[in-house]
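What follows is a single structure, written as structure tokens, with notes after it.
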Protein chains: 2
Amino acid sequence: MHQELRDNLETKISITDREMELIASHVTPRFIKKRKDLLVSGAICKDFAFVVKGCLRSYTIDEKGTEHVVQIAMENYWIADLHSYFTQQPSQTNIEAIEDSHLLLLSASSLEELYDQIPSLDRFFRKLFANALVISLERMNQSNSETAEKRYTKLLKEHPDIIRRVPLLHIASFLGITPESLSRIRKQLH
Amino acid sequence: MHQELRDNLETKISITDREMELIASHVTPRFIKKRKDLLVSGAICKDFAFVVKGCLRSYTIDEKGTEHVVQIAMENYWIADLHSYFTQQPSQTNIEAIEDSHLLLLSASSLEELYDQIPSLDRFFRKLFANALVISLERMNQSNSETAEKRYTKLLKEHPDIIRRVPLLHIASFLGITPESLSRIRKQLH
DNA sequence: ATTAATACTTACCATAGGTTAAGTTAATTT
DNA sequence: AAATTAACTTAACCTATGGTAAGTATTAAT
């Protein structure tokens, strides 16, 4: 269970056995059933979740009641409402399991302690956030420069796993279009 | 000239005089005239630029030759093509001064050295990238959930400085619409 | 197995924003 | 200060995507 986390950390930093024990002692395993919530908007996002197995989405709900998917996280991804997590203010975001999922939860206070005891964790998350930022800016740019059809075909090519495992209505929302539009786009692509 | 940078670092970490001297020795001042390029696509993004004074934009150009503004940076902001900077691969992005600007440039190799000599810089950039990520995800979400008019009025309210100092055509592009559309929106708002 | 809920599709009409084109205003350069 | 270039506006028309509604298919619950 902790091995996946260790492997993930070791993609960016090196970790000693002692350090890993310390990290493991701060992390809480959590199983969550499909369609159950890890976070509901209004609550404070207590934990940064590392996905050992499964699939989750974070999303907001606008005034009209429409959902907007912010992030889709599968194995070896991290998911949270970072704004709420960092500030410990109420979340605007919901996080829900798309499949039965195994998570490792790291609370904000635990992470603060770990930053002080294992300085390379600053480096790990510096790299993690920098990567995520590059991806987010690229996604924003695509949203401003490409049609929904191109965004879909690009996602299909680069993340076929998402297309396979995530319901179309959530993919549509992630792409910023309605399920009806994505259905039409798919049809045009035969 | 280095004081602005020190102040910026000290919003997130504390810095000793010795550390600041070391940082200063790795940083290159650069003056850039309005409408001149700091980075052209195809080149490798050598430097992370801290804006002491002035205003710049990063943007991509699509197949049709249309520009898409990715980032607008004014005083105390950092700007670069992060993907190119981290990987030292050719950039897809251009960076251009919107006003005559004073910058402090930090090369990728200098930054690597500094990370090893001043561990708290990992923490500084961890926080910087985390903040930027939160903002980028929020911007993406707005793009998926709000009309161009709402996005404009929100920008007007939260960043009146941008509206004042940046030409409308670049603001339009940043918002993901054409200058004609933004002009129409402005008219409707009287 | 049946029922109920969730996911997906289709079609028709509506609209925000894009495209084109022409003009005006403002900022630079000579 | 004239000339040039960049920035902004307006209007008529067009298109990608949204909204609504009704139906089918799939998955989950009883």
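Every chain is numbered from 1, with letters handed out A, B, ... down the list of sequences.
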Exercise. Indicate for each nucleotide in nucleotides 7-14 of chain C, in 5' to 3' sequence, whether protein heavy atoms under 4.0 Å reach the base (B), only the sugar-phosphate (S), or nothing (-).
Key: SSBBS---
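Within 4.0 Å of K150(A), counting heavy atoms only, lies no atom of the nucleic acid at all.
Inter-residue side-chain proximity for Q142(A) and K154(A) is flagged as met; some heavy-atom pair is nearer than 4.5 Å. At a threshold of 4.5 Å between non-hydrogen side-chain atoms, the residues Y77(B) and I79(B) do not count as touching.
Contact check on K34(A) versus D100(A) returns no salt bridge, with no Lys/Arg side-chain nitrogen under 4.0 Å from an Asp/Glu carboxylate oxygen.
K34(A) places its NZ atom 17 Å from the P atom of dA5(C), with the value rounded to the nearest Å. Here dG17(C) presents its P atom at 14 Å from OH of Y152(B), a figure rounded to the nearest Å. Computed from coordinates, the E99(B) CD to dA6(D) C1' distance equals 16 Å when rounded to whole Å.
When the options V27(B), V52(B), T28(B), L56(B) are evaluated for a side-chain contact (heavy atoms from CB on, under 4.5 Å) with L103(B), the one that passes is L56(B).
In terms of phosphate contacts, T178(B) brings a side-chain nitrogen or oxygen within less than 4.0 Å of OP1 or OP2 of dG18(C).
Within a 6.0 Å radius of NE2 in H83(A), other residues, nucleotides and ligands contribute 12 heavy atoms or fewer. Sparse packing is recorded around CD of Q92(A), with 12 or fewer heavy atoms of other residues, nucleotides or ligands lying under 6.0 Å away.
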